[in-house]
Amino acid sequence: SYDKGLEIDKRLAQLRDKDPIVHYNLACSYSLLNLVEESAQALKRAVNLGYNDFKHMEADPDLSNLRKDEKYQKIISKIKRG
């Protein structure tokens, strides 16, 4: 279930605090559960840590709930500005 996935991703984020992929996956788990605020925070952290596969991010179905929110657009515009 998505709940179990979220618990695993939260634990991994504690263990691997500086890993951008871990935080990206955490953002996906939050988005799947429609926890948009938490998803946006995790995605921002992933990007700040160096996550840069933006083509994947734009197409990833796990992030579809977040992409519907203006918070996602703010993250994307900040990335594009550098």
Pair H23, D17 - check side-chain contact (heavy atoms from CB on, under 4.5 Å), show working. CA-CA 8 Å; H23 290 278; D17 187 46; 3.9 Å; yes
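Residues satisfying the side chain to side chain contact (heavy atoms under 4.5 Å, CB included) criterion with S29, sequence neighbours excluded, are L6, D9. Under the salt bridge (Lys or Arg N to Asp or Glu O under 4.0 Å) criterion, R11 pairs with no residue at all, not counting sequence neighbours. Under the side chain to side chain donor-acceptor pair (under 3.5 Å) criterion, N25 pairs with no residue at all, not counting sequence neighbours. Evaluation of the side chain to side chain contact (heavy atoms under 4.5 Å, CB included) rule for N48 yields no partner, not counting sequence neighbours. By the ring pair (Phe, Tyr, Trp, His ring centres under 6.0 Å) test, Y51 is found to be paired with Y24, residues two or more places apart in sequence or in another chain being considered.
Note that CE of M57 and CD1 of I76 are 3.5 Å apart. Values are rounded to the nearest 0.5 Å. To the nearest 0.5 Å, atom CZ of residue R45 and atom NZ of residue K18 are 5.0 Å apart.
Nearest heavy-atom pair across K44 and I75 is CG-CG1, 3.6 Å.
Considering only heavy atoms from C-beta on, I21 stays 4.5 Å or farther from R16 through its side chain. Proximity of S31 to L63: side-chain heavy atoms (C-beta onward) are separated by under 4.5 Å at one or more points. For the pair V22/L26, no side-chain contact is recorded, criterion being any heavy-atom separation below 4.5 Å from C-beta on.
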Side-chain donor-acceptor pairs of residues 32-43 under 3.5 Å, sequence neighbours excluded:
| residue | atom | partner | partner atom | Å |
| --- | --- | --- | --- | --- |
| E37 | OE2 | Q41 | NE2 | 3.3 |
| S39 | OG | A27 | O | 2.8 |

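By the criterion of side-chain heavy atoms lying less than 4.5 angstrom apart, applied directly or through intervening Ile, Leu, Val, Met, Phe, Trp or Tyr residues, Y2 is not grouped with I8; the two fall into different hydrophobic clusters.
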